[in-house]
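Here the structure is laid out as structure tokens; the discussion comes afterwards.
Side chains included, hydrogens not; waters and symmetry mates left out as well; all remaining heavy atoms used. When a ligand or atom number is given, it counts from 1 through the structure's own listing order.
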Amino acid sequence: MYAEIISGKDLAQKLRTNMKLEVSELAKKGLTPHLTVVLVGEDPASKSYVKGKKKASAEVGISSEVIELPKETTEDELVQVVNTLNEDQKVHGILVQLPLPDHIDEQVIIETINPRKDVDGFHPVNIGRMMIGEDTFLPCTPYGIITMLKSTNIELEGKHAVIIGRSNIVGKPVGQLLLNEHVTVTHCHSRTVNLKSYTKMADILIVAVGKPHVIHADAVKEDAIVIDVGVNRLEDGSLTGDVDFEDVGKKAAYITPVPKGVGPMTITMLLKNTIKAAKGLE
Ligand code: NAP
């Protein structure tokens, strides 16, 4: 192993310690940030993510509640729940856990959330604000990735980032955030022809595909910074990333592990957004 490991777990811990202090200062002024998570159905992965969010909130002193709804909940009923939370003064942040059951249009629900309470940063208003570089709620995973990159103290300006993946929650927004940092950005996806010819040019390689070990050392430039966003569960129940960690770790300068990489940072940025929501967007 040659690469330095960027530990999302350690960085998250450091940030959460500071957040705990900030939240206790806010509490002295009578303000306790409050996050409400809405969970529809019984998906085990979603349940476990929600549990993690509740636990992390409690650790820093953010109050949180989970509204659990049956999988038969209709789109109209969910819209009503979100509207009630929009009106509730004590709720600062609203997160509707995705994915939703097939009969509910996720975009309808995302757009029902008041943008000022949209701590996931998925509302088109917040995405638009991010695009034009305004202060807003940034989507948590891309926000976590940028924070990890900045933690290396490596100058980002002028670097070339290649991002594999163009989802609305990871690939596209992380590209925009890097662009805002004066990085040159290339997006790749499933229709990209000769993927390796792009990845080998990357100073920063971000892999958000969702398939185990699609990237090996032969696709990586010497001394690259490699961020592995993928979370894949293997048959034995263990988690692995989209990047062959051992192989790529011999060639890259920095690499993120899975687990304990981007995952803990995603939750940390959710906490940060909830504190921001409680303080009120400018
Ligand atoms: P997604 O919506 O399924 O997007 C996957 C992207 O990968 C798509 O843009 C797809 O291209 C592209 N792709 C698929 N196969 C490819 C291939 N062989 N070569 C090149 N590109 C390919 O997934 P997502 O929501 O962005 O998530 C990606 C991964 O990150 C998943 O493993 C997810 O679990 C993980 N994730 C982790 C966190 C965290 O906090 N750690 C948060 C979010 C997501 P097309 O657009 O052409 O289909």
Item to complete: Among all protein heavy atoms, pick out the one at the shortest distance from atom 1 (P) of ligand 1; state its residue, atom name and that distance to 0.1 Å.
Response: S167 CB, 4.2 Å
Practice prompt. Kindly indicate whether the side chain of K272, heavy atoms from C-beta on, has any atom under 4.5 Å from the side chain of Y143.
Written response: yes
Discussion item. I need the contact type for T192 against ligand 1. Using non-hydrogen atoms and a strict under-4.0 Å cut-off, is it side chain, backbone, both or neither?
Written reply: neither
Worksheet item: Which atoms of ligand 1 are found less than 4.0 Å from any heavy atom of G210?
Response: 29 (C), 31 (C), 32 (O)
Item to complete: Answer yes or no: is there a side-chain heavy-atom contact under 4.5 Å between P257 and S7?
Response: no
Discussion item. Within the structure provided, determine whether L35 and L270 are in side-chain contact (heavy-atom separation under 4.5 Å).
Written reply: yes
Worksheet item: Taking only heavy atoms of T266, which atoms of ligand 1 are found under 4.0 Å from at least one of them?
Response: 39 (C), 40 (O)
Discussion item. To check your reading of the model: name the closest protein heavy atom to atom 3 (O) of ligand 1, its residue, and the distance in Å.
Written reply: V209 O, 4.4 Å
Item to complete: Just let me know how V170 lines up against ligand 1, side chain, backbone, both or neither, with a heavy-atom cut-off below 4.0 Å.
Response: side chain
Discussion item. Could you check whether atom CZ of F245 has more than 12 heavy atoms from other residues, nucleotides or ligands sitting under 6.0 Å from it?
Written reply: yes
Item to complete: Looking only at protein heavy atoms, identify the closest one to atom 35 (C) of ligand 1 and say how far it is in Å.
Response: V229 O, 3.4 Å
Practice prompt. Around atom 8 (C) of ligand 1, find the nearest protein heavy atom and jot down its residue, atom name and distance.
Written response: R166 N, 4.0 Å
Worksheet, complete the sentence: The atoms of ligand 1 lying under 4.0 Å from a heavy atom of G165, numbered in the order shown, are 6 (C), 7 (O), 9 (O)
Response to the item:
Sorted by chain and number, sequence neighbours left out, side chain to side chain donor-acceptor pair (under 3.5 Å) with S63 holds for H34
Item to complete: Would you kindly specify which portion of K211 sits under 4.0 Å from ligand 1, judged on non-hydrogen atoms: side chain, backbone, both or neither?
Response: side chain
Discussion item. Judged on heavy-atom distance to atom 45 (P) of ligand 1, which of S190, G8, G144 sits nearest?
Written reply: S190
Worksheet entry | Donor-acceptor pair between H216 and D244 side chains, under 3.5 angstrom | yes
Worksheet item: Counting each atom of ligand 1 from 1 as listed, which ones have a heavy atom of G263 under 4.0 Å away?
Response: 40 (O), 41 (N)
Worksheet item: Closer than 4.0 angstrom: is that true for some heavy atom of C188 and an atom of ligand 1?
Response: no
Worksheet, complete the sentence: ligand 1 atoms nearer than 4.0 angstrom to some heavy atom of I164 are 20 (C), 21 (N)
Discussion item. Restricting to salt bridge (Lys or Arg N to Asp or Glu O under 4.0 Å), what partner residues turn up for E111, sequence neighbours left out?
Written reply: none
Worksheet item: In terms of residue, atom name and distance, what is the protein heavy atom nearest to atom 25 (O) of ligand 1?
Response: I169 CD1, 3.6 Å
Discussion item. Is it true that N180 and Q176 share a donor-acceptor pair across their side chains at a distance under 3.5 Å?
Written reply: yes
Discussion item. In the structure I gave you, are the side-chain heavy atoms of L177 and M130 within less than 4.5 Å of one another anywhere?
Written reply: yes
Worksheet, complete the sentence: Under 4.0 Å between heavy atoms, the region of T141 that gets near ligand 1 turns out to be side chain
Worksheet item: Looking at CG of L100 and CD of Q107, how far apart are the two atoms once the value is rounded to the nearest 0.5 Å?
Response: 11.0 Å
Worksheet item: For ligand 1, which atoms, with element, lie under 4.0 Å from some heavy atom of A208?
Response: 5 (C), 6 (C), 7 (O), 28 (C)
Practice prompt. Specify the protein heavy atom at minimum distance from atom 34 (O) of ligand 1: its residue, its atom name, and the distance to 0.1 Å.
Written response: V231 O, 3.8 Å
Worksheet item: Looking at side-chain heavy atoms only, is the closest gap between M265 and T141 below 4.5 Å?
Response: no
